[in-house]
Amino acid sequence: MNSTVPVAGGTADVRPWVGRAALVVVVITLITLVIVPILVQHRVTALRHEIEASEPARTLVNRLQFNLVREMAALSDVLLGGDGAPVETYSAAFNQERTIFIELDTLATRLGPTVELKLAEARSLAEQWHARAATIAQVRSRVAHPDSMELPREGALFEQVLRSTAGLDSVILQVTAANRTRIERTERLGLAITFWLSILALCGAGAAAALYSRVQRFSAEAERRRALAERALRDAVAAEEARTRLLRGVTHDVKNPIGAAKGYAELLALEVKAPLHPGQAPLIDGIERSLNSALGIISDLLDVARADSGGLTVNRVATNLADVVRLAVEDNRAAIQAAGHEVDFQASDTEVSVHTDPARIRQVLGNLLSNAIKYTPAPGRITVRTHISQESGDDREWAVVEVEDNGPGIPPELAEAVFGEFTRLDDTGVQGHGLGLSIARRVARLLGGDLELAQRESPGALFILRLPCRRQTDLKSVD
């Protein structure tokens with residue numbers, strides 16, 4: 001094969017492997033032109049073999065349904081006080097049913113995995129029904145007056161068996177129809193493949209060259225994007241580390257002078273140097289409140305920085321959940337009452353212990369209760385509940401603490417936004433800096449649980465804290 005291709009103004013070398021690849025494509029195409037008709041014929045024969053098994057299989061399914069009806073009728077006679085004849089009828093029908101299932105096994109193998117699965121389902125349901133029937137028969141043999149109410153209870157399971165066998169018949173029909181469609185498609189596909197393989201043999205060399213060119217471009221682009229992604233990742237890590245260092249440095253440097261200013265304000269309030277003028281006392285109180293608020297913000301920023309750097313620590317001990325939650329409520333009861341609200345604590349009937357950090361739980365609940373106090377118009381009601389929960393599909397139990405208020409609530413589309421840093425959803429003048437819920441969620445996840453806002457239609461907000469649960473009897477294994 002010529003190793004060059006004409007180009008305007010001269011020739012251009014073509015790499016040797018391109019010519020070899022084109023030759024390989026042509027050879028493979030010719031071989032395929034011979035193999036395809038053989039494969040098509042083999043496939044069609046196999047599909048026809050499956051179709052031939054469908055009619056005997058459907059006949060056996062009908063016989064199976066007939067025997068199931070006989071068994072149910074006999075079982076009904078037993079429940080209604082029949083003599084030994086119904087038992088013999090039931091046994092005969094049951095033996096025939098087992099024979100039918102054996103014969104269906106052979107045919108289902110030919111009809112494919114879909115029919116085999118459906119047959120296995122029908123067999124499983126039938127075995128469950130027979131097991132139930134055997135139990136009833138034993139009870140019937142010991143009880144002088146049978147319970148006719150067993151009939152409706154049996155009927156539900158029996159109907160499931162019948163529906164499963166009817167579904168088996170339907171699947172056999174579907175498989176047969178699908179096989180006929182496959183035969184037609186296979187034959188048409190064989191003709192199409194034969195035609196297009198001939199065309200492909202002529203286009204092999206050009207396609208190989210075009211494919212190589214595209215692979216080279218894609219490889220270069222992938223390498224470029226990989227380099228960009230690695231650089232972006234390094235920049236993001238560096239930015240996060242710088243952010244953490246900035247938060248820790250600024251909060252540390254600012255906390256000391258603010259703490260000193262708070263000390264001076266306290267000395268003024270104590271009139272250490274000189275008595276205060278009556279108009280100065282409110283100003284001193286305002287200074288102290290502002291300084292306390294600033295110290296609170298700094299403390300929250302430190303917690304954020306520690307959480308980002310993995311510096312938040314926990315001291316896990318065996319903890320009675322109700323006791324910790326009750327203490328958190330009492331910590332905030334004065335603030336709740338001062339805001340004109342009522343608080344109701346509802347402990348779980350089941351005593352639950354968690355292996356966790358009680359101080360961190362009180363920190364989370366303090367943030368949740370503070371949030372409820374600030375955003376609930378007076379007079380409001382705040383309810384705190386504890387209970388045990390188990391999610392569907394999860395074998396683990398969770399200790400749950402719910403904090404609910406009857407305030408204006410939070411729109412569903414903002415349910416996740418409230419946990420962002422420096423996020424506040426209103427500008428009504430409520431004091432806050434938008435870090436409390438973000439820190440509360442981080443702490444909850446640090447404890448192995450989570451904090452979420454429940455979706456609800458009624459007014460008010462419901463925050464749910466979940467923690468891994470250990471019952472009181474499990475604490476013996478805790479280190």
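All values derive from a computational prediction rather than experimental measurement.
Taking 4.5 Å as the limit, some side-chain heavy atom of Gln363 sits within range of a side-chain heavy atom of Ile439. Looking at Phe463 and Asn371, their side chains come closer than 4.5 Å, going by heavy atoms from C-beta outward. Contact annotation: the side chain of Leu447 never approaches that of Val354 to less than 4.5 Å [non-hydrogen atoms, C-beta and beyond]. Within the 4.5 Å cutoff, no side-chain heavy atoms of Leu64 are placed close to those of Leu60. Side-chain atoms of Gln160 and Trp129, non-hydrogen and from C-beta on, never get closer than 4.5 Å to each other.
Note on Arg445 versus Asp450: salt bridge recorded, some NZ/NE/NH1/NH2 to OD/OE distance being below 4.0 Å. One finds no salt bridge joining Arg326 and Glu330 here, because no Lys/Arg side-chain nitrogen approaches an Asp/Glu carboxylate oxygen to under 4.0 Å. At a threshold of 4.0 Å, the pair Glu97-Arg70 does not count as salt-bridged, since none of the basic side-chain nitrogens sits closer than that to a carboxylate oxygen.
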Can you list, pair by pair, the side-chain donor-acceptor contacts under 3.5 Å of residues 104-114, counting residues two or more places apart and other chains?
| from | atom 1 | to | atom 2 | distance (Å) |
| --- | --- | --- | --- | --- |
| Asp105 | OD1 | Arg123 | NH2 | 2.5 |
| Asp105 | OD2 | Arg123 | NH2 | 2.7 |
| Thr109 | OG1 | Asp105 | O | 2.9 |
| Arg110 | NE | His49 | NE2 | 3.0 |
| Arg110 | NH2 | His49 | O | 2.9 |
| Arg110 | NH2 | His49 | ND1 | 3.4 |

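Annotation for Ile373 and His341: closest pair O-NE2, 3.3 Å, computed over non-hydrogen atoms. Closest approach of Thr386 to Ser348, counting heavy atoms only: OG1-N, 2.9 Å.
The distance from atom CD1 of Ile382 to atom CG of Asn406, rounded to the nearest 0.5 Å, is 8.5 Å.
For Arg333, the CZ atom sits in a packed shell: over 12 heavy atoms of surrounding residues, nucleotides or ligands are nearer than 6.0 Å.
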